[in-house]
Amino acid sequence: MENTNENKHAYFVGGGLASLAGAVYLVQDAGFKGENIHIIETLPVIGGSNDGSGSKQNGFVCRGGRMLNEETYENFWELTSRIPSLDIPNISVKDEILAFDHANPTHANARLIDKDGKILDAHAMGFDYEDRMKLLKLFFTDENELDHLTIREWFDDHFFTTNFWYMWQTTFAWQQWSGLFEFKRYIHRMILEFSRIDTLEGVTRTPYNQYESVILPIKKELDRHGVDFTLKRTVTDLEFEMGETITVTAIEYKDADGHTGQMNLNPGDLCFFTNGCITDNSNNGDYQTPAKYLPENPPSFTLWQKIAAKKSGLGNPSPFFSKPQQTKWHSFTATFKGDQMLKMIEAYSANKPGSGALMTFKDSSWRLSIVVSAQPHFRSQQEDTTIFWGYGLYPDLMGDFVKKPMIDCSGEEILTELIHHLQLEEYEFEIKQGVVNVIPVMMPYIDALFQPHAKTDRPLVVPKGSTNLAMISQFVEIAQDMVFTEEYSVRAARTAVYTLLGIDKAVEPVTAHDKRPDVLAKAVLTAFR
């Protein structure tokens, strides 16, 4: 069959996972030449929110950690089954990740910790009758009735004191003011996790951080095909053809050196836009310096706002990006010389590194959680260096031991707070002697995708009337699926490519675990634990 796409060009605005996935599908399923695929990224590195960087000397940092799940990430596993491992000949990234995960299973023994440093029995969900009835009602409520509602507006006070809430909240980064619509989607999509939320056995681990385990192998595959990557370039506007249809004719940009320019699209060319990035305007501090809170003018929001004003059907970014005081939280990555701190955490939690998932200090004013990954978590980490990651959901509140808001704390002050919550203050001097760095990260928009909104505020992947524009991000509407996941990005990208090009291949459907009688029965039993 003749390839009618070999002379077409495709432009990806944003260099995150969705764009990389879209490029793979264009090359492998649509017959695009790699050199005709252009990925444009504001940052000096690709990967979007799947990041990981640093050195043994200066410390390592991941802004966040994306959870993977074997049973529900249908298109993510399909994508990674196509990508060769960087380390093991003749196997895919999918097989590499799953082999590693099965060899290093998760079973948290210290999921919840109270204000006295006591590890709690988190097996009981802690629901009362009203909590169960509200959850049941939500499960069967039509999601189209939930526009603009928050979790807080649905549940009573008691719900927010349950073990379930502390664990579900910190596993996925919910706030009481998060959108009820998204919460319902999670209840359905992650119903398998409901019965194992206390052990997090459903978390699928990657051998290294996700930048090195997922992004780099995809990048290498795209490099092999000659895909064009342009870094440190910010797209500032999209120009459209006059008329009722949505047809992009030009992409305007500004480079880091101030140079401006325009790329013109020919008939048949495609534009894929990551309309909203949850790590826009993030900022790193260090051991002595707090991270800066810089919410002004996030670039992906600014561009989305511009084009939405030009054409109907491109969504409404305002509910997601107008309240950074509600969408921000603070993460940190601690790097140590030696493994003394990790040994102490292992003795405390009865979990070796990589087996324990999140430890949440439920009574901490910052709602602090940490996770110790299998070591090394970075390829360049070396044997005498160890790391762990943590985050706080309430960075504006005063610390319990360090009497400052988390947002104003240096890496050392965050470590001090954690040491006290772990009841390790007698070893504080000794622990700090081994510190290489503790890097705090402020992310003003990390929870933007959970903000209350109308269903129509998120555009369709391919908006009605579009001839060459697709939206691929966590801020598009995909029936039944849940945002804040790798799966959502890949599903959006695959849907975009197949739809715009009329490719007769199926996108992997959402697995209906919430329709299985055995799963539902187990969920009911869990609600009464």
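If you're wondering where the values come from, they're calculated on a predicted model, not measured in any experiment.
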*asked:* Please determine whether side-chain contact (heavy atoms from CB on, under 4.5 Å) holds for the pair S282 and M442, giving the CA-CA distance in whole Å, both sets of side-chain angles, and the decisive distance to 0.1 Å.
replied: CA-CA 6 Å; S282 68; M442 166 47 63; over 6 Å; no
_Could you report the tightest heavy-atom contact between I215 and G47, atom names first, then the distance?_
CG2-CA, 3.9 Å
_Sidechain-backbone polar pair: N104 side chain, F100 backbone, donor-acceptor under 3.5 Å_ = yes
_Are H453 and H148, when compared by the centres of their aromatic rings, separated by less than 6.0 Å?_
no
*State, with a plain yes or no, whether a side-chain heavy atom of F76 is found less than 4.5 Å away from one of K94.*
no
*Can you tell me if N297 and T302 form a side-chain donor-acceptor pair at under 3.5 Å?*
no
*Identified ring pair (Phe, Tyr, Trp, His ring centres under 6.0 Å) counterpart of F60 within the set F378, W389, F388, F336*: F378
*Taking side chain as C-beta onward, heavy atoms only, is S410 less than 4.5 Å from Y287?*
no
*Search all heavy atoms of V438 against all heavy atoms of A334 and return the closest pair with its distance.*
CG2-CB, 3.9 Å
*Note, L501 side chain near V497 side chain (heavy atom, < 4.5 Å)*: yes
*What heavy-atom pair brings V93 and P217 nearest, and what distance separates the two atoms?*
CG2-CB, 3.5 Å
*Quick one: are M406 and I414 in side-chain contact, heavy atoms under 4.5 Å?*
yes
*Is the distance between the ring centroids of W366 and Y394 under 6.0 Å?*
no
*What is the minimum heavy-atom distance between L26 and A10, and which atoms define it?*
CD1-CB, 3.5 Å
*How far does CD1 of I251 sit from CD of E239, to the nearest 0.5 angstrom?*
11.0 Å
*Do Y11 and F272 have ring centres separated by under 6.0 Å?*
no
*Do F32 and Y25 have their ring centres less than 6.0 Å from each other?*
no
*Atom CD1 in I472, atom CZ in R491: separation rounded to 0.5 Å?*
15.0 Å
*Taking all heavy atoms of P84 and all of E221, pick out the closest pair and write down the distance.*
CD-OE1, 3.6 Å
*K33 atom NZ, neighbour heavy-atom count above 12 within 6.0 Å*: yes
*Are more than 12 heavy atoms from other residues, nucleotides or ligands located less than 6.0 Å from atom NZ of K220?*
no
_Nearest 0.5 Å, please: how far is CD1 in I83 from CG in L222?_
6.5 Å
*Would you say T385's side chain and Q381's backbone share a donor-acceptor pair under 3.5 angstrom?*
yes
*If you round to the nearest 0.5 Å, how far is SG of C62 from CD1 of I439?*
10.0 Å
*Give a yes-or-no answer on whether the side chains of T360 and R111 include a donor-acceptor pair shorter than 3.5 Å.*
yes
*Rounded distance (nearest 0.5 Å) linking atom OG of S92 with atom CD of E78*: 10.5 Å
_For the backbone of H259 and the side chain of D257, can you confirm whether one donor and one acceptor N or O come within less than 3.5 Å of each other?_
yes
*Examine W174 together with F450 and report whether their ring centres are nearer than 6.0 Å.*
yes
*asked:* Side chains of S331 and M443, heavy atoms from C-beta outward: is any pair under 4.5 Å?
replied: yes
*Any donor and acceptor pair, going by atom type alone, linking the side chain of T204 with main-chain N or O of E70 inside 3.5 Å?*
yes
*Within a strict 4.5 Å, meaning less than it, do heavy atoms of the M67 and N69 side chains meet?*
yes
*Do V462 and T495 come close enough that some side-chain heavy atom pair is under 4.5 Å?*
no
*Is the cationic atom of K455 (NZ for Lys, CZ for Arg) positioned less than 6.0 Å from the six-membered ring centroid of F181 and within 45 degrees of its normal?*
no
_Heavy-atom side-chain contact between I246 and K311 under 4.5 Å_ = yes
*Hey, is NZ on K464 packed in by over 12 heavy atoms from elsewhere, all under 6.0 Å?*
no
*Judged by atom type as modelled, is there a donor-acceptor pair below 3.5 Å linking the side chain of N266 to the main-chain atoms of D269?*
no
*Should E74 and T511 be marked as a side-chain hydrogen bond (donor to acceptor under 3.5 Å, both in side chains) after you check the CA-CA gap, both sets of side-chain angles, and the distance that decides it?*
CA-CA 8 Å; E74 299 88 356; T511 307; 2.6 Å; yes
*asked:* Using only atom types and a distance under 3.5 Å, with no angle test, would you say the side chain of N437 pairs donor to acceptor with the backbone of N58?
replied: yes
*Apply side-chain hydrogen bond (donor to acceptor under 3.5 Å, both in side chains) to Y293 and N283, showing your working.*
CA-CA 7 Å; Y293 176 49; N283 182 262; over 6 Å; no
*asked:* Assess, by modelled atom type and distance only, whether the side chains of E487 and T72 contain a donor and an acceptor separated by less than 3.5 Å.
replied: no
*Passes side-chain contact (heavy atoms from CB on, under 4.5 Å), D95 versus W77? Steps please.*
CA-CA 9 Å; D95 291 340; W77 297 123; over 6 Å; no
*Do you see a donor-acceptor pair shorter than 3.5 Å between the side chains of Q175 and Q326?*
no
*If only atom types and distance count, is the side chain of Q375 paired as donor or acceptor with the main-chain N or O of S373 below 3.5 Å?*
yes
*Steps toward side-chain hydrogen bond (donor to acceptor under 3.5 Å, both in side chains) verdict (R205, T106)*: CA-CA 8 Å; R205 306 286 191 176; T106 298; 3.2 Å; yes
*With a cut-off of under 6.0 Å to the ring centre and 45° to the axis, is K328 in cation-pi contact with Y445?*
no
*Any luck finding a side-chain donor-acceptor pair between R185 and Q480 under 3.5 Å?*
no
*State whether D255 and K232 are salt-bridged, where the test is any N-O pair (Lys NZ or Arg NE/NH1/NH2 against Asp/Glu carboxylate O) under 4.0 Å.*
no
*To the nearest 0.5 Å, what is the distance between CG (L98) and CG (L68)?*
9.0 Å
*All salt bridge (Lys or Arg N to Asp or Glu O under 4.0 Å) counterparts of D51, not counting sequence neighbours*: R63
*side-chain hydrogen bond (donor to acceptor under 3.5 Å, both in side chains) between T467 and T247, worked out*: CA-CA 5 Å; T467 66; T247 303; 2.6 Å; yes
*Spell out, as yes or no, whether a donor-acceptor pair under 3.5 Å connects the side chain of S19 to the backbone of G14.*
yes
*Given the side-chain rings of F172 and F484, with only the six-membered ring counted for Trp, is the space between their centroids under 6.0 Å?*
no
_S49 and T279: side chain donor to acceptor below 3.5 Å_ = yes
*Minimal non-hydrogen separation, N281 against P298, with atom names*: OD1-CA, 3.3 Å
*So, R458 side chain and F475 main chain: donor-acceptor pair closer than 3.5 Å or not?*
no
*Quick one: do the E212 and N209 side chains pair a donor with an acceptor below 3.5 Å?*
yes
*Could you tell me whether a side-chain N or O of N36 sits under 3.5 Å from a main-chain N or O of E6, the two making a donor and an acceptor?*
yes
*Give a yes or no on whether a salt bridge exists between D447 and K323, defined as a side-chain N under 4.0 angstrom from a carboxylate O.*
no
